[in-house]
Amino acid sequence: MKIELKDITVDLFEHDISHIKNVAVNCSTGTDSTILLYLTALALPDRKIIPYCVIESQFPNQENKLLQIIDKIILKLPNRNLANPILDYADYNSYDSKWRKEAIENPGIFPKRKRGHEGQAKILANKFYQTQRIKNGEIDYFVSGITSNPPIEVLKDIGCEYEDRRSLIKEPKIYEVHYDPFVHLNKRHIAEMWKKYDMMDIFYLTESCINCPLYGDYFSKDIPCKKCYFCSEKYWAFGMYDGGIK
């Protein structure tokens with residue numbers, strides 16, 4: 001499936017996956033994964049499409065929002081084989097979390113910290129649960145909506161550090177059981193796809209804000225916080241924050 005955008009053509013599922021039956025889309029309730037779920041169901045009408053999410057303990061509304069998003073997409077694509085979601089549950093945030101403790105010993109690309117990295121804890125938990133789902137035969141293939149960072153001048157404006165691993169990527173990443181079709185795109189490409197496929201009526205259901213502790217408590221009532229990187233990136237791309245708040 002080719003998606004024509006203003007400055008790039010996105011080749012979605014143009015590689016051979018004829019041997020794949022059960023395709024899981026990693027769903028976080030963010031804008032990237034929501035449009036990817038819709039486009040995967042649109043592009044693969046003969047496959048079982050499974051919304052998959054590792055529910056994060058610090059986001060109490062995540063599961064409810066995800067179920068609403070799935071229902072809205074089913075209404076838009078009633079003839080596609082969109083299955084019931086598969087959900088796992090993890091606690092990345094608390095300092096006594098299993099995954100936070102493992103991240104202390106295995107920080108990955110991050111420097112070592114006494115209390116571990118939440119980001120690395122999330123990576124380790126997702127890898128564990130996804131591997132189990134594949135071993136159990138429930139899922140054959142995972143698709144993720146991860147995108148590149150905005151241009152470096154935008155990163156400077158929104159106070160975010162430059163990352164080699166999420167910048168200057170030229171093509172999607174295709175692995176044996178995992179596919180990152182948007183990794184070479186930025187959030188403005190995602191916003192363009194939302195408008196191209198007439199998805200903006202469900203934008204209010206998406207949540208991206210993590211209310212980063214650099215700006216306040218995780219459990220602040222001010223969501224979206226309009227300060228964290230994810231809020232700033234979304235506003236840069238869409239001209240509005242989570243829930244359509246300008």
Side-chain angles (χ1 to χ4, degrees), residues 1 3 5 8 10-15 17 23-41 43-44 49-56 59 62 66 69 85-86 88 90 92 99 103 108-110 117-131 133-134 139 141-152 154-155 158 160-194 199 206-210 212 228-234 236-238 242:
M1 175 180 172
I3 302 170
L5 303 179
I8 193 171
V10 181
D11 294 328
L12 185 65
F13 295 107
E14 291 289 298
H15 57 294
I17 57 166
V23 178
V25 178
N26 285 321
C27 295
S28 65
T29 70
T31 55
D32 304 348
S33 62
T34 298
I35 191 66
L36 180 59
L37 179 61
Y38 173 87
L39 291 173
T40 300
L44 302 176
I49 310 303
I50 305 166
Y52 174 80
C53 184
V54 179
I55 300 295
E56 303 178 47
F59 300 129
Q62 188 177 27
L66 176 60
I69 287 170
I86 292 178
D88 285 310
Y92 314 124
W99 304 112
I109 63 170
F110 302 101
H117 289 268
E118 181 190 345
Q120 177 66 359
K122 183 173 181 177
I123 290 170
L124 292 169
N126 283 351
K127 184 176 180 180
F128 171 82
Y129 287 121
Q130 290 181 15
T131 299
R133 295 294 183 178
I134 288 174
I139 292 170
Y141 200 65
F142 280 93
V143 186
S144 173
I146 184 173
T147 57
S148 284
N149 280 332
I152 191 167
V154 177
L155 292 177
I158 63 180
C160 181
E161 293 183 3
Y162 174 85
E163 294 178 275
D164 280 332
R165 71 187 183 96
R166 290 194 61 195
S167 298
L168 302 178
I169 300 170
K170 301 298 183 183
E171 58 187 17
K173 302 295 184 182
I174 303 171
Y175 305 97
E176 183 180 359
V177 294
H178 196 98
Y179 176 38
D180 296 329
F182 296 162
V183 71
H184 59 310
L185 309 178
N186 63 46
K187 190 75 77 178
R188 282 200 170 167
H189 294 119
I190 300 301
E192 188 177 346
M193 285 190 281
W194 269 78
M199 291 281 286
T206 65
E207 286 187 327
S208 300
C209 177
I210 62 167
C212 175
C228 71
Y229 165 73
F230 296 98
C231 278
S232 300
E233 182 192 35
K234 180 180 266 189
W236 169 73
F238 287 90
D242 290 356

Subject >> With L39, the side-chain contact (heavy atoms from CB on, under 4.5 Å) member among T34, V143, L12 >> reply: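 Filter result, single survivor: L12.
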Original post:
Do I146 and K173 have side-chain heavy atoms sitting under 4.5 Å apart?
Top reply: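 No; the side chains remain at least 4.5 Å from each other.
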[Y] backbone acceptor or donor facing [X] side chain under 3.5 Å:
| X | Y | answer |
| --- | --- | --- |
| S33 | S28 | yes |
| W236 | P150 | no |
| E14 | M1 | yes |

Please report the interatomic distance [atom1]([X]) to [atom2]([Y]), rounded to the nearest 0.5 Å.
| X | Y | atom1 | atom2 | result |
| --- | --- | --- | --- | --- |
| T206 | I69 | OG1 | CD1 | 6.5 Å |
| I50 | N26 | CD1 | CG | 11.5 Å |
| T147 | D32 | OG1 | CG | 4.5 Å |
| M193 | L36 | CE | CG | 8.5 Å |
| K234 | Y229 | NZ | OH | 12.5 Å |
| F230 | K187 | CZ | NZ | 8.0 Å |

Subject >> Results of salt bridge (charged side-chain N to carboxylate O under 4.0 Å, His left out) for E56 - residues two or more places apart only >> reply: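 E56 satisfies salt bridge (charged side-chain N to carboxylate O under 4.0 Å, His left out) with K122 only.
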Please give me the minimum heavy-atom distance between [X] and [Y], naming the atom from each residue.
| X | Y | result |
| --- | --- | --- |
| S148 | E233 | O-OE2, 4.1 Å |
| Y52 | D88 | OH-OD2, 2.7 Å |
| C27 | C53 | O-SG, 3.0 Å |
| G30 | S208 | CA-OG, 4.2 Å |

Contacts table for residues 174-186: side-chain donor-acceptor under 3.5 angstrom, sequence neighbours left out:
residue, atom, partner, partner atom, Å
H178, NE2, D180, OD1, 3.0
Y179, OH, D11, O, 3.2
Y179, OH, F13, N, 3.1
H184, ND1, P181, O, 3.4
N186, OD1, R188, N, 2.9
N186, OD1, H189, N, 3.4

Original post:
Do the ring planes of W194 and F238 sit parallel (below 30°), tilted (30 to 60°) or perpendicular (above 60°)?
Top reply: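 It falls in the perpendicular class, over 60°.
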